[in-house]
Amino acid sequence: MRNLVLALLVALMVLVPSVLIMPGAIAAGVDTSNVDRLVRESWDGDNVISLTEELCNISSKYLTYRVSGSQGADEAADLIAERFQEYGLKVTDENFTMPVWNLTAEPTLIIDADGNMSTVGDEMEIGSFNCESFSKPTPSGGLVSELVNLPLPLASDVSDIGKRAIDWQAWNNMNTTGKVLLIGREVRWSYGWEGAFQEKLLDQPPAAIIFYYHYSWMSYAEQSSQASSGGLPLGDMGPIFWDLNISVGSVNYSDGQLLVQAALDGALVNVSMPSVISQGSHRNIIADIDTGGNLSKTVLMGAHYDTVLSEGYVDNSAGVAAVLETARMVQEAVDSGELKLKYGLRFVAFAGEEMGLAGSLHYVSMHREEVRNQVASIIADSIGSSDLKVTLAGSDGEIDLNYVADEACAELGVAHEYQDQAGSDHYAFMFPYWKSGVLENIWGKDLDMIRGLESTNTMCVYSEPLTMYDAPAGPVQGRIHTSLDSREAVAEGEWIDEQDLRDQAQVYALMALYSSIGVYEPNYDYLPYVIVLVAVTLVIAFFMLRRWRIDT
């Protein structure tokens, strides 16, 4: 009897821990077949295209497009909230206050060839000119001034930027105070050059700055690229343009060369950037899947709906459309009983991403306890270009987002690569304390963010090429932050293929489904050891029992 008890104890000592390890080792019980079927049968890619175009249509109605806080942004927020409500989600319209920027008329830049504004017939309007969003206004009636150009050092290609020092003798010979300054945008691509530029502005502040492309190897840049909130500006220079009351605009490569020659000829320019800046509301639209219950932990799916001065087809109407169509599909499946969620699913359309993640940072600040119960967040930003990219997520959550991305792409047959992307809303969740400090430095908005809200289990789903700088020698260049990020350019085949947008948005939706039902990566590392351990235990128990029978 003693041997029998001993054999049973040995078997239990090994089998009980083994049984506890086995579920984690083989990821038992998470069946994805239902959601795989759901995303194939219920997903509406045409709705993604339709929603993208609808948001672009709103942008095109306004001079400020959908710059955060503007009329276009408000109309887009209304549309997004209405769609969420139509789909049956619980919607919250959450406001925060920051500067709001609008235009009262079209910005213009006119060269007067003979330097005498009273003569007629010698004026030429620069067609590619536009101001940067959040630019300070020029005086009523425009700014008439001498145009001066600060030269940049020689650079044979982008790798040469910053290697040669700024020619301070040439810069010191040029008085920029109160004038319209023409300078290559490339000055901001080098810390050293940008520092010299900042020093010059502080010493001799111009009334306005016109950025152009200085180098011939940028001649392909026939659409001027806008910086995010470039009139402020964002970046290491801080709010220097605002502090010095400098209006800021930009032109493309060929128009830039015309302006260089005009500056050499001593021409005057009349530049008008009739902006109005005030404090106003920006809106985050929050929508929760109505499960009929109360799930304490959530997965957040988000996308920003604000733009620079363009329709923003890819950046980021497409991302918002993916969020909306995913919400429709999930709520419909939950309502019909086809889908049961393990985690709550929240969708957020963020304002102010182009202002330095203003909307997502305000969300984190205003939902601190909920963020702590957030098991994952997945941001869609600028999907639809040819190559799908995802950022590498951390492993501090209950869901392995990297595994989720891999499985979703494999299921739908969409290739993807892991690559960092530092400028999108996922950074507000990964580094809220740091990024809120940046926001305060630029805009003076203190969110009183505390440490401990960080979540590295966050991913951004995006695509490349995006900007005109991504693949200058490739068959297709990116078009975000240019006038070609538009419906017309897409229709004419200038950039993206609509099928890529459909496919990538569907991947995003399947990632939402996998995350919300708790898919996690199987871990088979210990499985062989568990099997061997169980086998050895059974053998030992067998011989002990056999010996007990012989003894008895």
Side-chain angles (χ1 to χ4, degrees), residues 27 30-49 52 299-303 314 316 318-327 329-330 333 339 342-343 345 347 375-395 397-421 424-426 456-466 470-471 476 478 496-524:
V30 184
D31 182 7
T32 65
S33 59
N34 183 49
V35 294
D36 292 340
R37 178 195 56 78
L38 181 66
V39 83
R40 293 184 186 279
E41 295 179 0
S42 300
W43 176 257
D44 187 353
D46 289 340
N47 192 36
V48 173
I49 303 301
T52 302
V299 173
L300 183 143
M301 310 296 292
V314 168
N316 188 36
V320 175
V323 165
L324 286 168
E325 172 56 17
T326 302
M329 180 188 65
V330 173
L339 180 64
K342 178 179 179 180
Y343 302 112
L345 202 50
F347 299 89
V375 295
S377 53
I378 309 175
I379 305 299
D381 191 353
S382 302
I383 59 175
S385 194
S386 59
D387 301 329
L388 180 63
K389 307 286 185 180
V390 294
T391 59
L392 191 67
S395 57
E398 299 176 23
I399 300 168
D400 184 343
L401 285 183
N402 302 319
Y403 177 71
V404 164
D406 292 343
E407 290 296 294
C409 288
E411 174 64 26
L412 296 173
V414 178
H416 71 296
E417 293 181 352
Y418 286 91
Q419 185 171 298
D420 191 27
Q421 169 64 276
S424 190
D425 286 310
H426 63 302
T456 62
N457 201 33
T458 299
M459 178 175 283
C460 181
V461 180
Y462 67 107
S463 63
E464 283 193 346
L466 282 183
D470 287 343
V476 178
I496 76 163
D497 184 330
E498 286 184 351
Q499 190 57 47
D500 287 331
L501 174 53
R502 288 185 176 92
D503 293 343
Q504 292 171 18
Q506 192 174 24
V507 166
Y508 181 77
L510 189 54
M511 289 176 65
L513 289 169
Y514 280 174
S515 299
S516 63
I517 65 171
V519 170
Y520 56 99
E521 182 176 12
N523 181 0
Y524 297 105

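Positions are given from 1 along the sequence. As a basis for the values below, the full set of heavy atoms in this structure was taken, side chains included, without hydrogen atoms, waters or symmetry mates.
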Considering residues at least two apart in sequence or located in another chain, which fulfil the side chain to side chain donor-acceptor pair (under 3.5 Å) criterion with D44? none
Out of curiosity, D500 CG to L388 CG, how far, rounded to the nearest 0.5 Å? 9.5 Å
For a quick check under 3.5 Å, do Y514 and E411 share a side-chain donor-acceptor pair by atom type? no
Closest approach of N316 to A303 (non-hydrogen atoms, all atoms of both residues): ND2-CB, 3.5 Å
List the steps and the verdict of side-chain contact (heavy atoms from CB on, under 4.5 Å) for L339 and I517. CA-CA 9 Å; L339 180 64; I517 65 171; 3.9 Å; yes
Looking only at non-hydrogen atoms, find the nearest pair between S377 and T458 and report the distance. OG-OG1, 2.9 Å
d(K342 NZ, S515 OG) to nearest 0.5 Å is 11.5 Å
Any donor and acceptor pair, going by atom type alone, linking the side chain of D470 with main-chain N or O of G478 inside 3.5 Å? no
To the nearest 0.5 Å, what is the distance between CG on L392 and CD on E417? 13.0 Å
Q504 side chain to G384 main-chain N or O, any donor-acceptor pair under 3.5 Å? yes
Criterion side-chain contact (heavy atoms from CB on, under 4.5 Å) on W43 and T326, from CA distance to verdict: CA-CA 8 Å; W43 176 257; T326 302; 3.7 Å; yes
Restricting to non-hydrogen atoms, name the atom on R37 and the atom on N34 that form the minimum distance, rounded to 0.1 Å. NH2-OD1, 2.8 Å
Verdict with reasoning, V48 to T52, per side-chain contact (heavy atoms from CB on, under 4.5 Å): CA-CA 6 Å; V48 173; T52 302; 4.3 Å; yes
Shortest non-hydrogen contact between I378 and Y508, atoms and distance: O-OH, 3.0 Å
What verdict does the side-chain contact (heavy atoms from CB on, under 4.5 Å) test give for V461 and V507, after you've listed the backbone C-alpha separation in whole Å, the side-chain angles of each residue and the deciding distance to 0.1 Å? CA-CA 9 Å; V461 180; V507 166; 5.6 Å; no
Evaluate the side-chain proximity of R502 to I49: yes if any heavy-atom separation is below 4.5 Å, no if none is. yes
Please round to the nearest 0.5 Å and tell me the distance separating atom OG of S463 and atom CG of D503. 12.0 Å
Just by distance, with hydrogens left out, do Y418 and D406 show a side-chain donor and acceptor under 3.5 Å apart? yes
Just verifying a value: how many Å separate I399 CD1 and M511 CE, rounded to the nearest 0.5 Å? 10.5 Å
Any chance the side chains of Q506 and E325 put a donor and an acceptor closer than 3.5 Å? no
What heavy-atom pair brings L345 and V330 nearest, and what distance separates the two atoms? CD2-CG1, 3.8 Å
Please round to the nearest 0.5 Å and tell me the distance separating atom CE of M329 and atom CG of L510. 7.5 Å
Are any side-chain N or O atoms of H426 and backbone N or O atoms of T391, one a donor and one an acceptor, separated by less than 3.5 Å? no
Counting distance only, does the side-chain N/O of S516 pair as donor-acceptor with the main-chain N or O of L513 below 3.5 Å? yes
Over all atoms of both residues, closest heavy-atom pair of V404 and V519: CG2-O, 4.1 Å
Does anything in residues 377-387 form a salt bridge (charged side-chain N to carboxylate O under 4.0 Å, His left out)? List the pairs, not counting sequence neighbours. none
